[in-house]
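Only one structure is covered here, and it is reproduced in the block below.
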There are 2 protein chains.
Amino acid sequence: MIQPFDDIYFMKKAYQEAEIAFDKGEIPVGAVIVLNNQIIARAHNLTETLNDVTAHAEMQAFTAAANFLGGKYLKDCILYVTLEPCQMCAGASYWSQIARIVYGASEPKRGFVNLGTQLHPKTKVTSGILENDCSLLLKRFFIEKRNLN
Amino acid sequence: MIQPFDDIYFMKKAYQEAEIAFDKGEIPVGAVIVLNNQIIARAHNLTETLNDVTAHAEMQAFTAAANFLGGKYLKDCILYVTLEPCQMCAGASYWSQIARIVYGASEPKRGFVNLGTQLHPKTKVTSGILENDCSLLLKRFFIEKRNLN
């Protein structure tokens, strides 16, 4: 059976958000939040634009999804994000009680996995979806940035 | 020499923010951010009002302080917060590169200390300032909430 709404489908949507961030000169990370195969929030990193270290894609997506739902818990939702969440974003996911986190590229140094951030007991994790694309976009960003400076 | 602007002075200001949260029916946590003995941001927990798990006092204070400064790093600033920060807020402090975190009541279960959240290498921590007052306000809140339900 064809399943059009799989992890790759939604990660592509998160990737499109990352591309928007790229075009704005932001570190290219994008996120979407999905409930029952419907995207209820889209966001990309805006730390430079907003001068705000808390403006990671995931944080904005959590806020937007809760706003859409009219309640602060995201118990049946899935977060798709192009880069492994940091401690802050994983910590926020704990409070949101999100059902699943699906990420693309790994972030061994600042990601929540190696830093041991505690997720909510009900949160499941899938990694490596479109990993190469997500990672290449980040590498391209930092290479271009270095060449400009 | 009399030092009017000590940790207790600023924690009292954070406590006043916690009292505002209490009066709104929010878990009473307050925060201020100080630069050169001047308060540049005040905030209190607004998770219920905003329906947003990311609306902890510290997160709003980081955003407000960066907005005040016109830059996203808080390298010379001190965060005063009535309750030990959680993983999310400690994770945000990492990105802000804040110079110091001073907190009142400890939070052994969900606080960053026992959960091992990594702070920025330059961030120093002081705990236990007005601990009893900060803790009592939280206890009073949960007792009143239980009696209402």
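Below, each value reflects all heavy atoms present in this structure, side chains not excepted, and no hydrogens, waters or symmetry copies. In this text the structure is predicted, and so the values were computed from the model without any measurement.
In the hydrophobic clustering of this structure, B:Ile78 groups with B:Phe10; members are Ile, Leu, Val, Met, Phe, Trp, Tyr whose side-chain heavy atoms approach within less than 4.5 Å, directly or through other members. A chain of hydrophobic side-chain contacts below 4.5 Å, direct or via other Ile, Leu, Val, Met, Phe, Trp or Tyr residues, connects B:Leu69 to B:Leu79. No continuous path of ILVMFWY side-chain contacts below 4.5 Å connects A:Leu136 to A:Ile27, so the two sit in separate hydrophobic clusters. Cluster membership check: A:Ile129 shares its hydrophobic cluster with A:Val32, using side-chain heavy-atom separations under 4.5 Å among Ile, Leu, Val, Met, Phe, Trp and Tyr. B:Met11 and B:Ile20 are assigned to two separate hydrophobic clusters, defined by single-linkage of ILVMFWY side chains at heavy-atom distances under 4.5 Å.
Neither the backbone nor the side chain of A:Phe112 comes within contact range of chain B; no heavy atom of the residue lies under 4.5 Å from a heavy atom of that chain.
In plain terms, the two heavy atoms of B:Met88 and A:Gly91 that are nearest each other are CB-C, 3.8 Å. Scanning both residues, A:Phe62 and B:Thr54, for their nearest heavy atoms gives CB-CG2, 4.3 Å.
Once rounded to the nearest 0.5 Å, the distance linking OH of B:Tyr94 with SG of A:Cys86 reads 10.0 Å. Distance CE/B:Met59 to CG/A:Asp52: 8.0 Å, rounded to 0.5 Å.
The environment of B:Asn36 atom CG is sparse: at most 12 non-hydrogen atoms of other residues, nucleotides or ligands sit within 6.0 angstrom.
Options B:Gln87, B:Gln118, B:Gln97 differ in how many heavy-atom pairs under 4.5 Å they form with chain A, and the most are formed by B:Gln87. In terms of heavy-atom pairs under 4.5 Å with chain A, the best-connected choice from B:Ala66, B:Ala55, B:Ser96 is B:Ser96.
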